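Since the structure comes first, as structure tokens, the remarks are kept for the end.
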Amino acid sequence: MDEKKKMKMIIGSDHAGFTLKEKIVSLLKDLEIEVEDVGAYSTERTNYGPIAQLVAERVVNENIKGILICGTGIGMSIMANKVKGIRAAVVHDTFSAEATRAHNDSNILCMGERVIGSGLALEITKKWIMTKFDAGKHAERIQFIRDYESEIR
Ligand code: RB5
């Protein structure tokens, strides 16, 4: 019997990222990924900070991956990267999507709905999910970041 475990992810947005988030949720379901959507649930104006904090803390505590969408992806990434253990990357091209998984072992993907079209955003999402961390020399570089985090907090 195939006991393949479903990959689990968490996703959030503010009002400016709501429409793209809905499309990404559909994609993840099509890919048979278990996805938890923590809002926003409409285009009513909201603050990206609390959503980024919630997703980032869950990513660290549950050792899963997350996706955050706002107008630019930038506010989300700034907030998410405050959480120890988070490597959130703003990505708007497929080359960087692959590179940030392979080299940075990024655990949160941030994108801006006002920056790119949904077709590209879905391709970026697929590439980011499919790409594994290369480890090796990159693991040493990530360890430097971890050491820094443990010294300052
Ligand atoms: C909302 O207007 C916008 O500032 C926000 O979605 C995001 O782009 C912030 O970085």
Side-chain angles (χ1 to χ4, degrees), residues 7-31 33-134 138 141-142 144-153:
M7 183 183 191
K8 185 179 172 192
M9 293 186 70
I10 183 163
I11 187 166
S13 76
D14 68 356
H15 57 288
F18 169 73
T19 305
L20 178 56
K21 172 177 65 69
E22 295 297 283
K23 292 180 180 167
I24 294 174
V25 167
S26 289
L27 169 73
L28 297 178
K29 286 181 177 165
D30 287 349
L31 294 172
I33 290 170
E34 185 186 332
V35 55
E36 187 177 348
D37 178 359
V38 295
Y41 301 115
S42 75
T43 54
E44 190 181 335
R45 193 171 304 157
T46 184
N47 185 347
Y48 55 81
I51 294 280
Q53 181 188 352
L54 172 63
V55 167
E57 289 178 352
R58 293 276 307 273
V59 164
V60 168
N61 292 338
E62 295 168 38
N63 193 25
I64 56 178
K65 289 195 174 53
I67 298 181
L68 286 166
I69 314 292
C70 62
T72 59
I74 297 171
M76 286 294 194
S77 72
I78 291 171
M79 183 67 220
N81 277 315
K82 301 288 179 201
V83 175
K84 189 173 168 181
I86 287 299
R87 292 176 300 282
V90 182
V91 174
H92 289 130
D93 65 275
T94 53
F95 175 83
S96 302
E98 186 169 357
T100 192
R101 281 290 310 125
H103 294 195
N104 314 126
D105 198 17
S106 54
N107 47 13
I108 295 186
L109 170 65
C110 301
M111 291 182 286
E113 182 181 322
R114 294 174 178 164
V115 182
I116 51 170
S118 60
L120 177 55
L122 296 180
E123 288 308 307
I124 287 168
T125 303
K126 282 191 261 181
K127 182 68 85 180
W128 189 77
I129 288 169
M130 277 166 23
T131 307
K132 295 211 172 349
F133 180 43
D134 269 354
H138 301 295
R141 296 165 188 172
I142 301 299
F144 180 88
I145 297 169
R146 286 208 178 98
D147 291 346
Y148 178 76
E149 283 179 330
S150 62
E151 279 163 23
I152 60 166
R153 288 175 206 177

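In listed order, ligands and their atoms are each counted from 1. These figures come from a predicted structure and were not determined experimentally.
Judged by distance alone, with hydrogens and angles left aside, the side-chain atoms of Lys65 form no donor-acceptor pair with the main-chain N or O of Ile129 at under 3.5 Å. No donor-acceptor pair closer than 3.5 Å links the side chain of Asp14 to the backbone N or O of Ile51.
Ligand 1 places these atoms under 4.0 Å from at least one heavy atom of Gly71: 5 (C), 6 (O), 7 (C), 8 (O). Residue contact check: Tyr48 has heavy atoms under 4.0 Å from atoms 9 (C) of ligand 1. Close approach of ligand 1 to Ala16 is summarised as follows: ligand atoms under 4.0 Å from at least one heavy atom of the residue are 6 (O). Listed by atom number, the atoms of ligand 1 under 4.0 Å from Asp14 heavy atoms are 5 (C), 6 (O).
Distances from atom 8 (O) of ligand 1 to the protein include at least one heavy-atom value under 4.0 Å.
Contacts with ligand 1 closer than 4.0 Å are made by heavy atoms of both the backbone and the side chain of Cys70.
Looking at atom 3 (C) of ligand 1, its nearest protein heavy atom turns out to be Arg114 NH1, 3.8 Å. Here the heavy atom of the protein found nearest to atom 10 (O) of ligand 1 is Gly75 N, 2.8 Å.
Residue Ser96 forms a side-chain hydrogen bond (donor to acceptor under 3.5 Å, both in side chains) with just one option from Thr94, Thr100, Asp93, and that option is Asp93. The only member of Ile64, Ile24, Thr125, Ile67 that meets side chain to side chain contact (heavy atoms under 4.5 Å, CB included) when paired with Met9 is Ile67. Checking Arg87, Arg141, Lys132 one by one against Asp105, the salt bridge (charged side-chain N to carboxylate O under 4.0 Å, His left out) holds for a single residue, Arg87.
Of the N and O atoms on the side chains of Ser77 and Asn81, not one donor lies less than 3.5 Å from an acceptor on the other residue.
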